[in-house]
> 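To start, I am sharing the structure in question, which I have written as structure tokens.
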Amino acid sequence: MTSRVYGIETYSGTVAIPSTVSYLDVEYNVTEIDYSAFSNCDELEKIEIPKGMILIGDNAFKDCINLKQVIINEGLERIGDNAFEGCTSLEEITLPSTFYRIGEWAFYNSGIKSIVFTGDKCATIGYMAFYNTKLSEAHISNVSVIGDMAFYVTQLKEVVFGDNLNSIGDYAFYGTPLKKAEFGNNLESVGVHAFYMTDIESVDLSKVTNLKSIDYAFSDCKKLVSVKLPQTLEEIGDEVFKGCAMLENVELPQALETIGKAAFYGCSRLKALDFPASLKNVHGGAFNGCESLTSLEFPSKVWLHLWDYESIVDGCNNLKMVKLPGVPLPVYPIFNQVNFETVYAVYGYDNYVPENMAELFNAQTYETAVLRVPVGTKDLYSETSPWKYFANIEEDWSLEMVGIDNVHKEDNCSIWYAEGKIRHNIATDVDIEIFGADGRSVLRCETASQSVDISDLPSGVYIVRANFSGRTIEEKIVVR
């Protein structure tokens with residue numbers, strides 16, 4: 001271990017750390033630079049790290065303001081926290097094949113412009129490692145973990161991520177002029193605001209096989225034009241592409257189940273969205289401000305959740321057609337700001353059409369749009385609010401009535417009937433819908449409690465569907 005020698009206040013010029021030292025006629029290998037060993041050595045200009053050195057310790061060269069060159073030989077594995085913080089003259093560093101970890105704040109407020117990993121070991125870059133630097137070049141294809149804010153407000157314009165990359169931390173590239181990013185196939189997580197306010201122009205995640213969800217990751221990327229998502233992606237979370245005004249095309253994955261709140265808010269050039277049949281949940285504000293959208297065709301069993309917004313299409317001034325999901329809609333003026341030409345409604349049974357007391361549509365839509373409904377249901381729609389307000393209702397042979405046809409369960413989530421109430425153990429806000437044996441909806445409510453009074457329902461067999469946190473479960477119950 002190398003540490004500050006008593007009586008020596010500073011080092012200057014070039015220092016070559018020996019690979020071995022002798023003490024009392026015993027030779028020792030030098031494997032570590034101790035905590036703050038060279039910190040505040042204002043006149044230190046060059047340091048040579050010998051072969052076999054394993055660790056540069058915490059604060060080892062902190063505030064060595066004239067350190068310009070660090071030569072590192074094979075063997076080094078780790079750079080500690082704050083090791084080169086404040087080294088304002090240090091502009092580049094190359095790490096050997098043995099290296100695998102950069103500590104937190106390691107190059108914070110330094111002059112570093114270039115970092116090169118030469119090996120193929122899975123490496124970790126710690127929290128805020130390059131924060132407040134002018135780093136513009138990073139060869140990090142072997143890195144597996146990029147910590148929170150690791151490259152926050154650096155000058156990076158391009159990075160290539162290899163197949164080792166497993167996770168990208170929160171705010172990792174926040175505010176950088178990053179234009180291009182290529183992703184390998186083993187990425188599992190992308191942190192909140194990881195690419196927030198970057199200059200990224202395209203995102204290709206199509207090779208990724210393990211990524212299940214993303215939240216906020218690319219919001220306010222004003223130059224983002226195209227996105228390719230992995231087919232394994234199940235959730236496009238909250239505000240993922242919010243404010244991406246240049247975004248034109250997004251191919252939604254076939255495994256997608258949830259689109260989060262404000263996910264595409266303000267994507268004014270987004271022209272079309274082809275929803276997969278797997279989609280189950282769309283949250284409030286998801287498409288607000290998508291001025292170029294002309295149509296939305298929801299799969300039959302999508303739930304619309306509007307706890308945070310009262311609409312999903314406010315500001316969609318060119319939206320002319322909507323195909324509604326086949327479940328009752330929330331009691332909000334969801335489509336009130338849009339003048340539709342055609343509305344497709346796909347639910348309805350022999351003696352049932354779900355009633356909704358909200359002004360779902362505006363006066364112009366009710367007066368001029370055509371409401372197209374399944375064959376045999378026109379009279380039901382004509383008698384039920386708010387559908388009866390449509391001046392033009394036509395039956396359409398292409399529309400099939402939908403209901404519930406299966407039961408889906410999950411571990412640790414239960415629904416049961418007891419003493420006139422539906423009860424469950426789900427500790428969050430829940431959408432509850434109850435279907436009769438014929439598959440038609442007979443009751444729907446939103447609740448924050450763990451029970452729903454159904455004492456007014458007649459005896460019979462029912463299916464209860466609970467929708468919560470982007471997940472759906474169903475259970476069959478018997479009311480006696």
Side-chain angles (χ1 to χ4, degrees), residues 1-4 11 15-21 28-41 44 46-64 67-87 90-133 135 137-152 154 159 161-162 164-169 172 191:
M1 178 183 294
T2 295
S3 58
R4 185 68 63 88
Y11 296 89
V15 173
I17 298 174
S19 58
T20 61
V21 294
Y28 298 91
N29 292 324
V30 178
T31 59
E32 299 180 11
I33 298 176
D34 198 11
Y35 176 88
S36 295
F38 296 90
S39 62
N40 293 292
C41 290
L44 182 64
K46 179 180 177 180
I47 192 80
E48 296 182 18
I49 308 296
K51 184 176 181 179
M53 178 76 73
I54 295 173
L55 170 66
I56 297 175
D58 297 349
N59 296 337
F61 297 95
K62 183 178 179 180
D63 293 326
C64 292
L67 180 62
K68 296 180 177 68
Q69 187 176 8
V70 178
I71 298 174
I72 300 176
N73 289 289
E74 285 294 311
L76 189 71
E77 298 177 352
R78 291 167 289 156
I79 292 176
D81 299 345
N82 307 85
F84 293 96
E85 177 185 338
C87 293
L90 181 63
E91 295 188 354
E92 61 182 47
I93 195 164
T94 298
L95 301 170
S97 63
T98 50
F99 191 83
Y100 66 82
R101 180 176 177 80
I102 293 178
E104 299 180 357
W105 306 82
F107 294 90
Y108 166 65
N109 204 28
S110 72
I112 198 77
K113 293 181 179 179
S114 173
I115 180 82
V116 178
F117 287 81
T118 61
D120 56 5
K121 282 196 172 185
C122 293
T124 297
I125 299 177
Y127 172 76
M128 298 187 89
F130 295 95
Y131 174 58
N132 198 34
T133 69
L135 186 71
E137 183 180 9
H139 297 271
I140 56 174
S141 59
N142 65 325
V143 170
S144 62
V145 177
I146 297 175
D148 295 348
M149 303 175 74
F151 297 99
Y152 187 91
T154 60
V159 289
F161 301 117
N164 286 332
L165 185 63
N166 180 264
S167 66
I168 300 173

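Keep in mind that the numbers below use all heavy atoms, side chains included, and drop hydrogens, waters and symmetry copies.
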> Heavy-atom distance under 4.5 Å between the side chains of Phe61 and Leu44, does that happen here?
yes

> Considering the options Ile17, Ile49, Thr20, which one meets the side chain to side chain contact (heavy atoms under 4.5 Å, CB included) requirement together with Val30?
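The passing option is Ile17.
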
> In chain order, what residues pass the ring pair (Phe, Tyr, Trp, His ring centres under 6.0 Å) check against Tyr127, with sequence neighbours excluded?
Trp105

> Rounded to the nearest 0.5 Å, what's the gap from CD1 on Ile102 to CZ on Phe117? Could you check?
3.5 Å

> Hey, is the main chain of Ala123 close enough, under 3.5 Å, to the side chain of Ser144 for a donor-acceptor pair?
yes

> Just how far is it from atom CG of Leu95 to atom CD1 of Ile79, taken to the nearest 0.5 Å?
5.0 Å

> For Thr98 versus Glu74, what's the shortest heavy-atom pair and its separation?
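Heavy-atom minimum between the residues: CG2-OE1, 3.5 Å.
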
> Leu67 and Cys87: which non-hydrogen atoms are nearest, and at how many Å?
CD2-SG, 4.3 Å

> Once side-chain hydrogen bond (donor to acceptor under 3.5 Å, both in side chains) is applied, do any residues pair with Thr118, and if so which ones, sequence neighbours excluded?
none

> Please lay out, stage by stage, how Tyr100 and Glu77 fare under the test side chain to side chain contact (heavy atoms under 4.5 Å, CB included).
CA-CA 5 Å; Tyr100 66 82; Glu77 298 177 352; 3.4 Å; yes

> Give a yes or no on whether Asn73 atom CG has more than 12 heavy-atom contacts from other residues, nucleotides or ligands under 6.0 Å away.
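Counting neighbours around CG of Asn73, more than 12 heavy atoms of other residues, nucleotides or ligands fall under 6.0 Å, so yes.
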
> Examine the side chains of Asn164 and Asn142 and answer whether a donor and an acceptor come within less than 3.5 Å of each other.
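Distance-only check fails for Asn164 and Asn142.
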
> What distance separates Phe161 CZ from Ile146 CD1, expressed to the nearest 0.5 Å?
4.5 Å

> Taking all non-hydrogen atoms of both residues into account, name the closest pair between Met53 and Glu32 and its distance.
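Looking at all heavy atoms of both residues, the shortest contact is SD-N, 3.3 Å.
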
> Are side-chain N/O atoms of Tyr35 and Asn59 paired as donor and acceptor at under 3.5 Å?
yes

> Taking all atoms of both residues into account, what is the closest heavy-atom pair of Ala60 and Ile33, and its distance?
CB-CG2, 3.9 Å

> For residues Ala106 and Gly80, report the shortest heavy-atom separation together with the two atoms involved.
CB-O, 3.9 Å

> Enter the distance from Tyr11:OH to Ile47:CD1 here, rounded to the nearest 0.5 Å.
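With rounding to 0.5 Å, OH (Tyr11) is 9.0 Å from CD1 (Ile47).
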
> Using atom types as modelled and distance alone, determine if a side-chain donor or acceptor of Asp148 lies under 3.5 Å from a backbone N or O of Gly169.
no

> Could you grab the distance from atom OG1 of Thr124 to atom CZ of Arg101, nearest 0.5 Å is fine?
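It is 5.5 Å, given to the nearest 0.5 Å.
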
> How far apart are the C-alpha atoms of Thr31 and Leu55, what are their side-chain angles, what is the distance that settles it, and do they pass the side chain to side chain contact (heavy atoms under 4.5 Å, CB included) test?
CA-CA 7 Å; Thr31 59; Leu55 170 66; over 6 Å; no

> Kindly determine whether Ile140 and Leu165 satisfy side chain to side chain contact (heavy atoms under 4.5 Å, CB included), including the steps that lead there.
CA-CA 9 Å; Ile140 56 174; Leu165 185 63; over 6 Å; no

> Answer yes or no: are there more than 12 heavy-atom neighbours, outside Lys68 itself, under 6.0 Å from its atom NZ?
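Check passes, neighbour count above 12.
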
> So which of Tyr152, Phe151, Phe84 actually passes ring pair (Phe, Tyr, Trp, His ring centres under 6.0 Å) with Phe107?
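Answer to the ring pair (Phe, Tyr, Trp, His ring centres under 6.0 Å) test with Phe107 among Tyr152, Phe151, Phe84: Phe84.
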
> With rounding to the nearest 0.5 angstrom, report the CG to OG distance, Asp58 to Ser39.
11.5 Å

> Looking at Glu104 and Asp81, what are the two nearest heavy atoms and their distance?
N-OD1, 2.8 Å

> Can you list the steps and then say if Asn132 with Tyr108 is a side chain to side chain contact (heavy atoms under 4.5 Å, CB included)?
CA-CA 6 Å; Asn132 198 34; Tyr108 166 65; 4.0 Å; yes

